[in-house]
Visitor: 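Dumping the structure here so I can ask a few things about it.
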Amino acid sequence: MNLAVFVSGRGSNLKAILDNQELKSLIAVKVVCSNDSECNAIKLAESKKIDTFIIPKIQDEKLVDELISFLEKRNIELIVLAGYLKLIPPSLVDKFENKIINIHPALLPSFGGKGMYGMNVHKAVFESSAKVSGATVHFVNKEYDKGKIIAQRCVDISDVKSPEEIAERVLSIEHNLLPFVIGKFALNKIEIKGNRVFILD
Ligand code: GAR
């Protein structure tokens, strides 16, 4: 299965995908796209000789069309948002319906939406006094963090002393959950029935 991975920052989830042994025979990361040409994730892609595509701040329809044809030319079958912090243009969502997934560092539908990314999420979870947090992989639609939930894993945070500690625990879950879900897509083991998504054995 041909993948495009969208990134904005550190790139630890991209690394987890690229390093995952089980995925090696199932997927090929054909392109890494980012809004930030200088970010660590883009540097990682370049060091692995993976094609990159930089999405400028101001997007017009022509540029989105360019991005779509770039992805189509490479026969991209799944787009994975791995720490991509911008909204996906509606025409891209339409073109890749049920083929764009995102990892979110909390248990949706709580702690999601515009502005809820990275440490903002963990700070909100910490302040909420919640005892569990976790990671969610979901389909991407036209609203931030609102698409159907595919998979979630949770972690006990009852003893944490800071948002940073939550971030660390959640991130280690993310690095397993995202490759697991990608593997299921590659094996055609994801089934959508109405508003629910099933992962088959
Ligand atoms: C990850 O924790 C990811 O869940 C989060 O950004 C981080 C990126 O880390 N994404 C969001 O907050 C999206 N709303 P990484 O660049 O090391 O993979």
Side-chain angles (χ1 to χ4, degrees), residues 3-20 23 27 29 31-48 50 52-55 57 78-90 92-93 96 100-128 130 132-155 157 160 162-183 185:
L3 245 69
V5 182
F6 282 41
V7 292
S8 292
R10 178 180 48 190
S12 71
N13 276 291
L14 172 63
K15 187 172 184 312
I17 296 166
L18 295 173
D19 289 350
N20 187 284
L23 288 184
I27 62 147
V29 177
V31 57
V32 173
C33 302
S34 182
N35 54 304
D36 180 358
S37 62
E38 299 294 313
C39 72
N40 199 49
I42 281 291
K43 289 186 184 138
L44 173 63
E46 286 167 352
S47 76
K48 302 264 184 194
I50 300 169
T52 58
F53 187 102
I54 304 304
I55 306 159
K57 253 192 197 142
L78 184 70
I79 297 175
V80 177
L81 311 189
Y84 184 68
L85 305 181
K86 300 282 170 194
L87 195 65
I88 294 295
L92 185 56
V93 175
F96 284 82
I100 311 179
I101 63 171
N102 177 48
I103 180 124
H104 184 78
L107 296 172
L108 292 176
S110 296
F111 306 109
K114 195 168 170 17
M116 282 301 236
Y117 58 83
M119 280 310 295
N120 294 351
V121 176
H122 304 300
K123 281 180 189 152
V125 172
F126 186 75
E127 277 155 27
S128 78
V132 288
S133 190
T136 303
V137 177
H138 64 94
F139 282 111
V140 171
N141 63 13
K142 291 173 189 168
E143 286 176 273
Y144 280 109
D145 305 323
K146 284 279 169 68
K148 291 184 190 71
I149 292 172
I150 302 166
Q152 294 185 301
R153 282 195 193 145
C154 52
V155 63
I157 54 163
V160 296
S162 68
E164 286 74 18
E165 260 185 88
I166 301 177
E168 202 179 304
R169 288 187 197 182
V170 170
L171 195 63
S172 67
I173 290 179
E174 292 184 43
H175 293 164
N176 291 315
L177 186 63
L178 188 55
F180 165 78
V181 173
I182 292 170
F185 269 94

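In listed order, ligands and their atoms are each counted from 1. Position 1 is the first residue of the sequence; numbering continues from there. These numbers were taken from a predicted model, which means no experiment stands behind them.
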Visitor: Under 4.0 Å from a heavy atom of Glu174: which atoms of ligand 1 are those, numbered in the order shown and with their elements?
Guide: 1 (C), 2 (O), 3 (C), 4 (O)
Visitor: On a heavy-atom basis, I'd like to know which of Ala82, Gly83, Gly11, Ala135 is closest to atom 16 (O) of ligand 1.
Guide: Gly11
Visitor: Looking at Glu165 and Arg169, does any basic side-chain N land under 4.0 Å from a carboxylate oxygen?
Guide: yes
Visitor: If you measure every N/O of Asp145 against every N/O of ligand 1, is any gap under 3.5 Å?
Guide: no
Visitor: For Val7, does its backbone N or O pair with a side-chain atom of Ser34 as donor and acceptor, under 3.5 Å?
Guide: yes
Visitor: Identify the heavy atoms of His122 and Ala167 that sit nearest to each other, and give their distance.
Guide: CD2-CB, 3.5 Å
Visitor: Can you tell me the protein heavy atom closest to atom 9 (O) of ligand 1 and the distance?
Guide: Arg10 NH2, 3.1 Å
Visitor: Pull out every atom of ligand 1 sitting under 4.0 Å from any heavy atom of Ser12, numbered as shown with elements.
Guide: 15 (P), 16 (O), 17 (O), 18 (O)
Visitor: Under 3.5 Å between any N/O of His122 and any N/O of ligand 1: does that happen in this structure?
Guide: no
Visitor: Taking both backbone and side-chain atoms of Gly118, is any N or O found less than 3.5 Å from an N or O belonging to ligand 1?
Guide: yes
Visitor: Give a yes or no on whether Phe111 atom CZ has more than 12 heavy-atom contacts from other residues, nucleotides or ligands under 6.0 Å away.
Guide: yes
Visitor: More than 12 heavy atoms of other residues, nucleotides or ligands under 6.0 Å from CD of Glu46: yes or no?
Guide: yes
Visitor: In the protein, which heavy atom is nearest to atom 11 (C) of ligand 1, and how far is it?
Guide: Pro105 CD, 3.6 Å
Visitor: Would Val121 count as a contact of ligand 1 if the rule is a heavy atom under 4.0 Å away?
Guide: no
Visitor: With a 3.5 Å cut-off and no angle check, do the side chains of Asn35 and Ser8 form a donor-acceptor pair?
Guide: yes
Visitor: Specify side chain, backbone, both or neither for Met116, according to which of its non-hydrogen atoms lie closer than 4.0 Å to ligand 1.
Guide: backbone
Visitor: Does any N or O atom in Leu14 lie less than 3.5 angstrom from one in ligand 1, N or O only?
Guide: no
Visitor: Quick one: does any side-chain atom of Tyr144 pair with a main-chain N or O of Gly112 as donor and acceptor, under 3.5 Å?
Guide: no
Visitor: Would you say Asn102 has any N or O atom under 3.5 Å from an N or O of ligand 1, going by distance alone?
Guide: no
Visitor: Measuring from the heavy atoms of Ala41, does anything fall under 4.0 Å of ligand 1?
Guide: no
Visitor: Please answer whether the main-chain N or O of Gly9 pairs with a side-chain N or O of Asn40 as donor and acceptor at a distance below 3.5 Å.
Guide: no
Visitor: Do the side chain of Thr52 and the main chain of Val32 share a donor and acceptor less than 3.5 angstrom apart?
Guide: no
